[in-house]
Each structure stands twice: as C-alpha cells, then as structure tokens.
Amino acid sequence: MSKPDPFRYFKTSREIIRLAVMLYVRFPLSLRNVEDLLHERGIEVSHEAVRYWWHRFGPLFAAEIRKRRIACMKSSRWRWHLDEVFVKINGEKHYLWRAVDHEGEVLESFVTKTRDKKAALKFLKKAMRKHGRPEVIVTDRLRSYGAALKEIGAANRQETGRWLNNRAENSHLPFRRRERAMLRFRRMRSLQKFAAVHASVYNHFNQERSLSTRPNFKLNRAAALAEWRGLGVN
C-alpha cells in the first residue's frame with residue numbers, strides 16, 4: 001500500500017516547497033530572506049508560507065533522510081564524540097546535547113533544562129537506542145557523563161582529553177550560525193524540533209570538502225541535491 005502524497009492539496013509545486021525548506025534550514029537565513037530569494041527567482045510566496053512549509057515538511061524530510069542514512073551506516077559505532085552547549089530560551093538557559101561519530105555525522109540532538117546525571121543518562125539511552133553502543137565514547141570532563149556511563153555499564157569506554165573532543169565542539173558551529181539568524185528560540189519544543197531537522201539536513205549536504213578532490217566533491221554535491229529533490233515522493 002503506497003503512502004499518501006504529503007504534497008496533496010498544496011497549490012504550490014513540490015519543487016518550490018523543497019527549495020524553500022532547504023534554504024531556510026540549511027543556510028543562516030531568516031524567513032524574510034528566503035522570501036526575498038524566492039522573489040528574485042520569480043516565485044511569489046510570503047514568509048508565513050515558508051514558516052508553514054518548514055513546520056509541515058521539515059520533520060518529514062528529516063525523518064526520511066535519517067531513515068536512509070541509519071540503514072547505510074555501518075561504522076558509526078566505532079567512536080562517538082559527546083558534547084553539550086547552552087542555548088537560551090526566553091532568557092532561560094537550556095542545554096543542547098549532541099552525539100557525533102568519528103566522521104562528523106550528527107547522530108543525535110537532545111535538549112534538556114539541566115546537564116546533570118539524569119539528563120546525560122536520558123540522552124545516552126536515546127542515542128544508543130537508535131544507533132547501538134559505540135566502542136569508544138569521547139567526552140569532556142563533565143562529571144555527568146562519567147556517572148551516566150557508569151550506570152549503563154560503559155564507564156570503561158569513556159575517553160577524555162584536552163583536544164580529543166574537537167569533533168563534537170566544531171559540530172556546534174553550523175547550529176550557532178543558524179541560531180543567530182533565527183534570533184534564538186522561544187520554546188523548548190521548537191528548539192528540539194529544529195535541532196533534529198537541522199542535524200539531518202546538515203548530514204545530508206555535508207560533503208567534507210577538504211577531504212575530497214574537486215571533481216568528487218561536485219559529484220557528491222550533485223548526488224545529495226538529486227536525493228533531496230526526491231524526498232517525499234512515493
């Protein structure tokens with residue numbers, strides 16, 4: 001039985017909707033920036049339409065990307081890098097936890113109000129439920145990680161070091177740039193939603209440009225764009 005067409009009942013073409021969602025999530029643009037870019041291409045839509053499309057189709061596209069990539073990922077259990085960064089919501093400090101594998105793939109993003117043992121344990125269980133247990137877990141010296149790993153019987157897999165966790169810390173940079181363009185967040189739920197979608201879209205288009213030749217990079221970029229244009233198609 002085929003799935004229902006998610007673009008059904010929309011007057012705007014699916015190509016325009018995919019383009020608008022990609023521009024908003026992938027690049028540090030505001031809703032009005034996306035509206036202006038589409039206008040330059042002869043597409044007349046309001047920024048509120050872009051907002052609606054992002055809320056409606058962003059999680060759908062992210063789930064499809066995540067499903068495809070998890071099915072193809074074989075080496076993500078080798079080494080994980082965990083880190084947390086604070087994010088303000090209405091002036092109140094929250095924490096965005098992130099798990100990144102050794103290749104820079106963002107495996108999980110999780111938002112909590114605290115960064116104690118309970119929050120770290122919940123984050124670890126959620127990540128391991130989706131991706132299995134890694135052989136090595138690299139963290140900073142936050143004690144919550146050690147306490148949580150000890151409870152699940154993985155304390156011997158933890159590694160800490162001054163520069164060992166640069167992979168996870170660098171993974172925060174694209175999100176930080178995106179956060180400034182959005183003028184921060186107003187609800188914890190919207191932060192969790194956007195962080196998850198942004199991670200999937202970032203993984204999809206991240207080609208590690210410095211590690212490949214120009215011809216290979218162009219081929220990989222074209223393949224990623226072609227796959228994006230096929231999202232949501234039965």
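Side-chain rings of Y24 and W53 stay apart, their centers remaining 6.0 Å or farther from each other. Taking the centre of each ring, Y52 and F57 stay at or above the 6.0 Å mark. Aromatic rings of W97 and F123 (six-membered ring for Trp) have centroids within the 6.0 Å cut-off, being under it.
A salt bridge is absent between K88 and E92; no separation between the charged side-chain nitrogens and carboxylate oxygens falls under 4.0 Å. Ion pairing between a basic and an acidic side chain is recognised when a charged N comes within 4.0 Å of a carboxylate O; D101 and R167 show no such pairing.
Atom CZ of R32 is surrounded by 12 or fewer heavy atoms from other residues, nucleotides or ligands within 6.0 Å. Within 6.0 Å of NE2 in H39 there are 12 or fewer heavy atoms belonging to other residues, nucleotides or ligands. Within 6.0 Å of CZ on R133 lie more than 12 heavy atoms contributed by other residues, nucleotides or ligands.
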**Item:** Stepwise side chain to side chain contact (heavy atoms under 4.5 Å, CB included) test for R129 and K126
**Value:** CA-CA 5 Å; R129 188 165 55 247; K126 183 179 181 181; 3.9 Å; yes
**Request:** Begin from the C-alpha positions of M22 and L19 and carry the test side chain to side chain contact (heavy atoms under 4.5 Å, CB included) through to its verdict.
**Result:** CA-CA 5 Å; M22 182 189 71; L19 176 61; 4.0 Å; yes
**Prompt:** side chain to side chain contact (heavy atoms under 4.5 Å, CB included) between L96 and E84: does it pass, once the steps are laid out?
**Reply:** CA-CA 5 Å; L96 174 63; E84 76 290 337; over 6 Å; no
**Asked** Under the side chain to side chain contact (heavy atoms under 4.5 Å, CB included) criterion, do V87 and F175 qualify, and how do the steps go?
**Response** CA-CA 11 Å; V87 182; F175 178 82; 4.2 Å; yes
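Summarising the geometry, atom CG belonging to N33 is positioned 10.0 Å from atom CG belonging to L23; distances are rounded to the nearest 0.5 Å. Summarising the geometry, atom CG belonging to N90 is positioned 10.0 Å from atom CZ belonging to R187; distances are rounded to the nearest 0.5 Å. Expressed to the nearest 0.5 Å, how far OG1 of T12 lies from CD of E44 amounts to 11.5 Å. Atom CD1 of residue I137 and atom OG1 of residue T160 lie 12.5 Å apart, to the nearest 0.5 angstrom. Atom CG of L121 sits about 9.0 Å away from atom CG of L149, to the nearest 0.5 Å.
A side-chain donor-acceptor contact under 3.5 Å links H172 and R98. Using modelled atom types and a 3.5 Å distance limit, the side chains of T213 and N216 yield a donor-acceptor pair. A donor and an acceptor atom, one from each side chain of Q158 and T139, are located under 3.5 Å apart.
In this structure, F205 and W228 have tilted ring planes: the angle between them lies in the 30° to 60° band. The aromatic rings of F185 and F194 sit tilted, their planes meeting at an angle between 30° and 60°.
In this structure, R41 contributes its side chain and L37 its backbone to a donor-acceptor pair below 3.5 Å. R18 places a side-chain N or O within donor-acceptor distance of the main-chain N or O of R229, the cut-off being under 3.5 Å. Here the side chain of R178 pairs a donor or acceptor atom with the backbone of L29 at under 3.5 angstrom. Using a distance-only test at 3.5 Å, with no hydrogens or angles considered, a donor-acceptor pair links the side chain of K193 to the main chain of H55. Side-chain atoms of H204 come within 3.5 Å of backbone N or O of A224 as a donor-acceptor pair. For the pair E35 (side chain) and S46 (backbone), a donor-acceptor distance under 3.5 Å is absent. In this structure, the side chain of R115 does not engage the main chain of F86 through any donor-acceptor pair within 3.5 Å. Remark: side-chain polar atoms of H94 are not paired, donor with acceptor, to backbone N or O of T114 under 3.5 angstrom.
The nearest pair of heavy atoms linking R56 to P6 is NH2-O, 4.2 Å. Nearest approach of L107 to H131, heavy atoms of both residues: O-NE2, 3.1 Å. Across every non-hydrogen atom of S109 and A199, the tightest pair is OG-CB, 4.0 Å. Across all their heavy atoms, N206 and G104 have their closest contact at ND2-O, 4.5 Å. Considering all non-hydrogen atoms of both residues, S200 and A62 come closest at OG-O, 3.6 Å. Nearest heavy atom pair, residue S144 against residue A120, reads O-CB, 3.8 Å.
Counting heavy atoms from C-beta on, the side chains of R157 and V136 never come closer than 4.5 Å. The shortest side-chain heavy-atom distance between R221 and L225 does not fall under the 4.5 Å cut-off. Looking only at side-chain heavy atoms (C-beta outward), V201 and H198 stay at 4.5 Å or farther from each other. Between Y95 and F110 the shortest side-chain heavy-atom distance does not fall below 4.5 Å. Side-chain contact between V197 and V21 is absent, with no heavy-atom pair separated by less than 4.5 Å. Residues E108 and K130 have side chains in contact (heavy-atom distance under 4.5 Å, counting atoms from C-beta outward). Contact check for Y145 versus D140: side-chain heavy atoms found under the 4.5 Å cut-off. Looking only at side-chain heavy atoms (C-beta outward), D83 and L142 stay at 4.5 Å or farther from each other.
Criterion: ILVMFWY side-chain heavy atoms under 4.5 Å apart, direct or through other members. Under it, Y202 and L60 are not part of a common hydrophobic cluster. Cluster membership for F7 and I65, using ILVMFWY side-chain heavy atoms within less than 4.5 angstrom, is shared. Follow the hydrophobic side-chain contacts under 4.5 Å out from V100 and you never reach V85; the two are in separate clusters. A continuous path of Ile, Leu, Val, Met, Phe, Trp and Tyr side chains, each step under 4.5 Å between heavy atoms, connects I43 with V25, placing both in one hydrophobic cluster. V138 and V106 sit in two unconnected hydrophobic clusters of ILVMFWY residues. Membership requires side-chain heavy atoms under 4.5 Å apart, directly or through other members.
Considering R66, R68, K67 in turn, R68 is the only one that fulfils the side chain to side chain donor-acceptor pair (under 3.5 Å) rule with E64. Just one of E105, E159, E103 meets the salt bridge (Lys or Arg N to Asp or Glu O under 4.0 Å) condition when paired with R79; it is E159.
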